[in-house]
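Take a look at the structure below.
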Amino acid sequence: MIISIASGKGGTGKTTVATSLALSINEEVQFLDCDAEEPNAHIFLKPRIGETKKVYIPVPVVDTERCAYCGRCREVCAYNAIAVVKGSDGKKGSILVFSNLCHGCGSCAYFCPENAIKEVSREIGEIEIGTVGEMQFIHGRLSIGEAMAPPIIRQIKKYIDKTRTVIIDAPPGTSCPVVETVKKSDFCVLVTEPTPFGLNDLTLAVEVLKKLKIPFGIVINRSDLGDKRTDEYCKKNDIPVLMRIPFRREIAVAYSKGEPIVKIFPEYKKDFGDLFRKIKDEKPR
Amino acid sequence: MKVCVTSEGDKLESRVDPRFGRCQYFVIVDTETLQFDVVKNPNIDAAGGAGIQSGQLIAEKNVKSVLTGNVGPNAFQTLQAAGVEVITGISGTVKEAVEKYKKGGLKPTGGPSVGSKFGIPPKK
């Protein structure tokens, strides 16, 4: 079973919930941190890393001898990553590839009528594979200055072992990296906080999951702060609230030291175990 | 000689748009006759690469210079590859910009004047 932990708003407690959930399950667990722009689950789980792999994406290189400056590559590029300046008055044209905008889809090379485009690998980050006791741990890290996390996330997700319970810590937000992360999950837990910001971004995340047809439920973190609007929203839209974590200073202090909730409050293991059971019950919704 | 002025409107009296890649209009003006063509910018809402596309569009218009408020790194690179000089820091109306240009003394910029994503309008 693949369970992703997402949020909409950042800083609501995705990693807090994901790590403590993973540590409370009495089954074989695989933990994936897909927040490749800012991985942080390793701070809490302290994995022993066994293997590091570079992640590459293919980017076009143009053979200017062959190029006829026809502009076909530029037309088919969905990301505006190529500029072709046609030559005039006997002057040769020029072609510019903006690698940072390239998603590595390969269309330019495929459609080039002159066969002038070759794809070469460009390193954009790495993934690390390790263990936390019996738990398998994988996360990825986008190189500084790079903008595209999805290729890293795809690489991480290639390691999904369906014989295990897979817990995926997602990036915040609702854009491409989140979609790539939660795609094909059996269930998604949305962690929110009962504030206007939390609710606004929760609503956006709910829309995404509905589009992707992924069953989901809510965990309300710092549940005794803020207002009632998140509860009202869940009730109105028939969204199950699976767990509430009241605010405790000790949890925040532990977080700042890189300690999961269940480590400092072992009694929470039961609550996270309950959360896991509820997820399993909710799944067929 | 033709120059391109980024504009908020489609007239010579319109104000210069301070953005290049995501400006409202490109006004292509003949500096001798003040006759002009207007190109509505199709790249205003591009998710990314607006500067590249706009640079490319203008490169095909055979203009000598671009007069605008600011230019980002990708647009600058594209225009440079096309041999189009970019003059930044322009304000006022399109007509005033062209007149100032004709008087001479405006220096082309040696590099981008703003970073990427400068021209993305704030969310409404």
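No experiment lies behind these values; they were computed from the predicted model shown. Atoms considered below: every heavy atom in the structure, side chains included; atoms not considered: hydrogens, waters and symmetry mates. To find a chain, count down the sequence lines: A is the first, B the second, and so on, and within it residues start at 1.
No more than 12 heavy atoms of other residues, nucleotides or ligands shown are found within 6.0 angstrom of CD on B:Gln35. A:Arg154 CZ: more than 12 foreign heavy atoms inside a 6.0 Å radius. Under a cut-off of 6.0 angstrom, the local environment of NZ in B:Lys2 is crowded, with over 12 non-hydrogen atoms contributed by other residues, nucleotides or ligands. When the shell of 6.0 Å around NZ of A:Lys118 is examined, it contains 12 or fewer heavy atoms from other residues, nucleotides or ligands. Residue-environment remark: OH (A:Tyr233) exceeds the threshold of 12 foreign heavy atoms within 6.0 Å. Within a 6.0 Å sphere centred on CD of B:Glu99, other residues, nucleotides and ligands contribute more than 12 heavy atoms. Around the CD atom of B:Glu13, the shell of radius 6.0 Å holds more than 12 heavy atoms that belong to other residues, nucleotides or ligands.
Looking at heavy atoms from C-beta onward, A:Leu101 lies in side-chain contact with B:Ile52 at the 4.5 angstrom threshold.
Residue with the most contacts toward chain A among B:Gly83, B:Ser116, B:Ala81: B:Ala81 (heavy-atom pairs, distance under 4.5 Å). Heavy-atom pairs under 4.5 Å with chain B were tallied for A:Ala81, A:Ser94, A:Ala83, A:Gly71; the largest tally goes to A:Ala83.
Interface residue A:Phe98: only side-chain heavy atoms are found under 4.5 Å from chain B. Residue A:Ile95: no heavy atom, backbone or side chain, is found under 4.5 Å from chain B. Interface remark: B:Ala47 contributes no atoms to any contact with chain A (heavy atom separation under 4.5 Å).
Between the B:Gln56 side chain and the A:Val84 main chain, a donor and an acceptor come within less than 3.5 Å of each other.
For the atom pair CD (B:Gln53) and SG (A:Cys77), the distance works out to 8.0 Å, reported to the nearest 0.5 Å.
Heavy-atom minimum distance, A:Asn80 versus B:Ala46: ND2-CB, 3.9 Å.
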